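Everything numeric here is computed off the predicted structure, so don't read it as measured data. Residue indices begin at 1 and follow the sequence shown.
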Amino acid sequence: MATETDVVVVGAGGDGPAIAWRLGQLGIDTLVLEAGPFHGNENWPEPHEEPGAESSADPADLSGELLEEQFTRLENDTNNPLSGKLRFGPADRCRGPWYRAITQAAILYQVAGVGGTTLHYLGNHPRALPLAVDEQGDWPEAVSYADLVPYYQHLEATHPIEPAPKTAKEELYFQGASAAGYDLLDGWNVTEAGYRPQPNAILRPDEKLRGDYQGDFTYPDVEGSTLAGHEFQGDPTPFGAPYEEKARRSSNVSLVPRAMETGNVTIRPNAFVTDVLTSDGTGTPEATGVTFRDTWSGDTEEVTADVVVLAAGAVETPRLWLNAGLPATEWVGKGMTTHYFDYVVGVFDEDVLEERLGQPNLNPHVGQNSAARFDKPGVGGLEVFGGGTGLQAVSNYGFSAAGYSSLDEDDPGGPWDTRGRIVGSALKEKMADYRRTLSVLVLTDDRPRKENGVSLDPTVRDEHGPVPRVEWEPSADDERKRTEMAEVATEILRSAGASHVHRADWPPLLLHLQSTMGMGKVTDAGAEAKAVTRLFVGDHSVLPNALGGPNPTHTGQAVALRTAETIADRYFPGAGDARIRDGDGCGTPGPDVTGDGAPARDPDCDGLYEDVDGDGRTGVVDAQALFAHREDRAVRENPRAFDFDDDGSANVVDVQKLFTEVID
């Protein structure tokens, strides 16, 4: 059976839905093929037990109640990389995960499913550092940091993205960073070392949680984040909320419903793409579609399309390219970056916490998992992490390349007190201090190197062809940067009053994967493959470097929106006439209030979006548009953008205020 569409997108992870959403807004029919399951969709009430339906294109199919049933918040049931719901493998959990050959002692952690690896992400959405785009020489000259800013702003208004709320662990971390002599950073663009709240795509907690709240934390009594700290387990909170009102704005919750609402996007899960079809003839090949395998039945089908977008991730996108026999240019699959993580842990005495926080415990499980960060341009960054006891035990003390800490106590190798793996009675003692423990994740600004990347394994095949062979080894510069950032973390923890500091010294955790199909190397500046026309790369693999160290989701999605518009410009002339980059006035796009693909605009750069309908003019029709849509999600989730009377909310009074302004 063959299917026809305008654009086929391979992968519904963090970036594929962003491309589909923008293409759908521009009136372009788009089919998204995803290898994993679709959680929270009534077409698949038991996505891990039976095949369910074929596809979904109606946002009415989405169910918050189902999402709550399917994401149990149990760490092992959800996150076990072999048998958990959030793994890289088929929906049928009776079958093993899809194999990847890894040549060194490392863990590759990704998720298959609608939402991809954002199903277990922490909601972190910092922008890339300007230095990484404009000064490191990896991005094409045709792309500047300023080019990305309108797309960042559009996403920041869409999800929305805001500074994370502060609980005890963030307060203590901020105290330590300040005492160590670092500055509190303000704004989105980081050009100097300092600390700040994490920019998170998690809805702000309800104001009533600031007081002595006695309710059950369910919607609609409570909206937004419940501060339960379950982001890594899928986080379907608040319970009772509709699918699109869940607090953590992973791509399946934030972007997929919007894509479906355009009426031009269909998502088919359980569809593993195995081949890219190209036209015959001489010269540069042209993409014409894909072949995919139904992961339940094993049946193979074809999709023909005017444009093909590879958004399967930094491992599977180059694997698909190579398995499809596309031109193996020198940088295909090469240059992988991964932020070379480490973990530094501080334990605090009760009297210190009483003095600094007015309470004897930090309670790291309270609040969002990651709500504070630190950036040092050119070196890397830090993120506070708090979670449940099982995850913390492994992250803090059970995952190390340095051997057993008990064999290394006399020479910890740095300013920390201990380093390495802790087991047995010593681990029990450490976990007894769990409530007084502050954990800090280290991320480095690793640079692309040709020897790191993805190739095809010469001996191992699965049902989809030769498996990917993943190779990543740190350079001496990576080791230096990681040690420097671990030292900064130690300095901050000491300055906060930690009585004991432990460095885990992690082996490579391949999680923030980027750069294996780098823009400027494998693709042009518009993300179209240089060697194959009508073939685009639309995921983190196209990011040319590690972005300076920040988490890649925000930049991946910003580039994805830009890529969707490039596709429209090159191959669908006349498709929609609104471009995010074609801003009016200060050029800052806001939420799409009217739902017609034209974001609201702030023509006088005062932070208020007077051009509600995004038509480039301000008048009575904008007040009418705000009145008509004042209860819609775009306004409810962005009250500050339409708070014309400055009372902290957006309602009919603001409509009256805007009307008065535009007729004066």
When you compare the side chain of [Y] with that of [X], does any pair of heavy atoms fall below 4.5 Å?
X	Y	answer
Val7	Phe572	yes
Val265	Val256	no
Thr304	Val8	no
Thr555	Leu543	yes
Phe341	Leu443	yes
Pro238	Glu223	no
Ile161	Asn200	no
Ile202	Ser225	yes

Euclidean distance, [Y] [atom2] relative to [X] [atom1], rounded to 0.5 Å:
X	Y	atom1	atom2	answer
Arg633	Ser254	CZ	OG	7.0 Å
Thr78	Arg87	OG1	CZ	13.0 Å
Arg100	Arg469	CZ	CZ	15.0 Å
Glu68	Thr218	CD	OG1	9.5 Å
Leu511	Leu513	CG	CG	7.0 Å
Leu86	Gln110	CG	CD	13.0 Å

Answer yes or no: is there an ion pair linking [X] with [Y], defined by an N-O contact shorter than 4.0 Å?
X	Y	answer
Glu565	Arg22	yes
Glu471	Lys334	no
Asp77	Lys85	yes
Asp235	Arg249	no
Arg319	Asp462	yes

Under 3.5 Å, side chain of [X] to main-chain N/O of [Y], donor-acceptor pair present?
X	Y	answer
Ser63	Leu66	yes
Tyr109	His512	no
Arg258	Thr158	yes
Lys530	Gly520	yes
Asn369	Gly229	yes
Arg534	Asp306	yes
Asp6	Ala305	no
Thr291	Asp275	no
Asn76	Asn80	no
Thr30	Ile28	yes

Begin from the C-alpha positions of Gln198 and Ser370 and carry the test side chain to side chain donor-acceptor pair (under 3.5 Å) through to its verdict.
-> CA-CA 7 Å; Gln198 182 80 264; Ser370 181; 3.2 Å; yes
Under the salt bridge (charged side-chain N to carboxylate O under 4.0 Å, His left out) rule, what do Glu301 and Arg268 come out as? Steps first, then yes or no, please.
-> CA-CA 12 Å; Glu301 301 181 30; Arg268 178 163 181 167; 3.1 Å; yes
If we count only N and O atoms by modelled type, under 3.5 Å, do the side chains of [X] and [Y] hold a donor and an acceptor together?
X	Y	result
Arg248	Gln368	no
Tyr219	Thr237	no
Ser56	Asp58	no
Gln514	Thr337	yes

Going through the checks in order, is the side chain to side chain contact (heavy atoms under 4.5 Å, CB included) test met by Leu23 and Asn264?
-> CA-CA 8 Å; Leu23 291 173; Asn264 297 310; over 6 Å; no
Residue pairs fulfilling ring pair (Phe, Tyr, Trp, His ring centres under 6.0 Å) with at least one residue in residues 43-67, sequence neighbours excluded | Phe38-Trp44, His39-His48
Step by step, would you call Glu245 with Arg636 a salt bridge (charged side-chain N to carboxylate O under 4.0 Å, His left out)?
-> CA-CA 11 Å; Glu245 297 290 339; Arg636 287 188 290 106; 3.1 Å; yes
Between His230 and Glu75, does a side chain to side chain donor-acceptor pair (under 3.5 Å) hold up when you go through it step by step?
-> CA-CA 9 Å; His230 288 294; Glu75 290 181 355; over 6 Å; no
Taking ring-ring contact (aromatic ring centres under 6.0 Å, His included) as the test, write out the residues that go with Trp139, two or more places apart.
-> none
Worked check of side chain to side chain contact (heavy atoms under 4.5 Å, CB included) between Thr274 and Phe292 | CA-CA 5 Å; Thr274 57; Phe292 72 89; 5.9 Å; no
Residue among Glu156, Gln153, His554 satisfying side-chain hydrogen bond (donor to acceptor under 3.5 Å, both in side chains) with Arg127 = Glu156
Trace of the side chain to side chain contact (heavy atoms under 4.5 Å, CB included) decision for Val559 with Leu148 | CA-CA 7 Å; Val559 172; Leu148 301 180; 4.1 Å; yes
More than 12 foreign heavy atoms under 6.0 Å from CD of Glu65: is that the case here?
-> no
Please work out whether the ring planes of Tyr571 and Phe536 are parallel, tilted or perpendicular, with thresholds of 30° and 60°.
-> perpendicular
Side chain to side chain donor-acceptor pair (under 3.5 Å) assessment of Asp539 paired with Thr317 | CA-CA 8 Å; Asp539 56 34; Thr317 284; 2.7 Å; yes
Intermediate values then yes/no, side chain to side chain donor-acceptor pair (under 3.5 Å), Asn79 and His120 | CA-CA 8 Å; Asn79 295 324; His120 80 182; 4.7 Å; no
Start with the C-alpha distance between Thr295 and Trp98, add both sets of side-chain angles, then the distance that settles side chain to side chain contact (heavy atoms under 4.5 Å, CB included), and finish with yes or no.
-> CA-CA 11 Å; Thr295 62; Trp98 291 311; 3.9 Å; yes
Given Asn452, Val454, Val470, the one that forms side-chain contact (heavy atoms from CB on, under 4.5 Å) with Thr516 | Val454
